[in-house]
Student: 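Let me begin by handing over the structure; questions about it come next.
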Amino acid sequence: MIVAENLTRVYAMGRVEVQALRGVSLEVGKGEFVGIMGASGSGKSTLLHILGLLDRPTSGRVTIDGTDVLALSDHRRTLFRLNRLGYVFQDYALIGELTALENVYLTSLVRGDPEEEYLRKSTAILERVGLAGRTNHRQSELSGGEQQRVAIARALVNNPSILLADEPCANLDSQASKSILDLFARLNEDLDQTIVMVSHEEWHKEYFCRVVTLRDGLIGDTEECRREGPPPGRTA
């Protein structure tokens, strides 16, 4: 589903060039839950942003579902992001003046979906992530874990091929973090949802199908983490 070939990313910091990625090649198959791990500054978020079309590499190639996404025009890249990819970030990125339901259907408004359809879909996805009774609450009325669930619902409402999550548990306590990871595991198991997630927590490994570790902008190790039985947080 995702094929990245020899990605490099160089940033100019004044007169100094910083090499965030030094030639990364990676494949992610449909239905995988892949964790990208590594020390701070290893290139994790840079790689995720390139895979999610939020940044362009200095060199290299990215193919998603057979489409050379780097060859698309800016307009077509925007449409590809809107229709095929979902994003979850550590800071939630919710609009405080809107309710949970309004935050979720915002992207559907941008797509021009009919009101009846986006209300139905947004309500249904909030129920799936465990927020059926919180649809009319604003950000200030939600816990950190609930805010992240709203962000996940927003990312999933348009049925994306790929869900990309950049340290989604970074601002959560351990209990809320486990709740979010359990949710990701259920989505991966029940919906065959492809998920690529950046993390720095060792205990998150038990949730992933595979772990890719970055070191200084290069892939250091790839570790298979095949789960036996149901994902964590579920019973058989």
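The first residue in the sequence is number 1, and the count goes up from there.
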Student: Look at the rings of F208 and F33 and say which category their plane angle falls in: under 30° parallel, 30 to 60° tilted, over 60° perpendicular.
Tutor: perpendicular
Student: For residues D113 and K121, determine if any side-chain heavy atom of one lies less than 4.5 Å from a side-chain heavy atom of the other.
Tutor: yes
Student: We want to know whether R61 and N6 form a side-chain donor-acceptor pair, criterion being a heavy-atom distance below 3.5 angstrom.
Tutor: no
Student: Any side-chain to backbone donor/acceptor pair from D173 onto Q175? Under 3.5 Å, distance only.
Tutor: yes
Student: Side chain of S42, backbone of D216: donor and acceptor closer than 3.5 Å?
Tutor: no
Student: Is it the case that the side chain of Y92 and the backbone of A151 share a donor-acceptor pair, with hydrogens and angles ignored and the cut-off at 3.5 Å?
Tutor: no
Student: Taking the side chain as C-beta and beyond, is there a heavy-atom pair between L7 and L47 under 4.5 Å?
Tutor: yes
Student: Please lay out, stage by stage, how D182 and Y207 fare under the test side-chain hydrogen bond (donor to acceptor under 3.5 Å, both in side chains).
Tutor: CA-CA 8 Å; D182 286 343; Y207 288 87; 2.8 Å; yes
Student: When you group the ILVMFWY residues by side-chain heavy-atom contacts below 4.5 Å and let the links chain together, are I50 and L214 in the same group?
Tutor: yes
Student: Does the Lys NZ or Arg CZ of R9 fall within the cation-pi geometry relative to Y11 - under 6.0 Å from the ring centre and within 45° of the axis?
Tutor: yes
Student: If we only count heavy atoms from C-beta on, is the L109 to Y118 side-chain gap below 4.5 Å?
Tutor: yes
Student: Please answer whether the main-chain N or O of M1 pairs with a side-chain N or O of K30 as donor and acceptor at a distance below 3.5 Å.
Tutor: no
Student: Is it true that a side-chain atom of N103 and a backbone atom of I95 form a donor plus acceptor pair closer than 3.5 Å?
Tutor: yes
Student: Can you hop from V129 to L172 via hydrophobic side chains spaced under 4.5 Å?
Tutor: yes
Student: Take R56 and D74 through the test salt bridge (charged side-chain N to carboxylate O under 4.0 Å, His left out) and record every step on the way to the result.
Tutor: CA-CA 11 Å; R56 285 184 178 272; D74 288 345; 3.6 Å; yes
Student: Any link between L187 and V150 through a network of hydrophobic side chains (Ile, Leu, Val, Met, Phe, Trp, Tyr) touching at under 4.5 Å?
Tutor: yes
Student: Is it true that a side-chain atom of N83 and a backbone atom of L79 form a donor plus acceptor pair closer than 3.5 Å?
Tutor: yes
Student: Take R76 and S73 through the side-chain hydrogen bond (donor to acceptor under 3.5 Å, both in side chains) test and state the conclusion after the steps.
Tutor: CA-CA 5 Å; R76 290 183 64 193; S73 66; 5.2 Å; no
Student: Hey, any chance V88 and L126 share a hydrophobic cluster, counting ILVMFWY side chains that come within less than 4.5 Å of each other, even indirectly?
Tutor: yes
Student: When you group the ILVMFWY residues by side-chain heavy-atom contacts below 4.5 Å and let the links chain together, are L156 and L53 in the same group?
Tutor: no
Student: Are S108 and R111 close enough that a side-chain donor and a side-chain acceptor fall under 3.5 Å?
Tutor: no
Student: Answer whether the closest heavy-atom distance between the side chains of M37 and S199 falls below 4.5 Å.
Tutor: yes
Student: Below 4.5 Å, heavy atoms only, C-beta onward: do E146 and E141 meet side chain to side chain?
Tutor: no
Student: Can a donor-acceptor pair be found, under 3.5 Å and without considering hydrogens, that links the side chain of R138 to the backbone of E97?
Tutor: yes
Student: Going by the side chain to side chain contact (heavy atoms under 4.5 Å, CB included) test, name the single residue among L26, T46, V28 that passes it with L51.
Tutor: L26
Student: Atom CZ of R149 and atom CD of Q147: how far apart are they, to the nearest 0.5 Å?
Tutor: 13.0 Å
Student: Determine whether Q19 and T8 make a side-chain contact, defined as any pair of heavy atoms from C-beta on separated by less than 4.5 Å.
Tutor: no
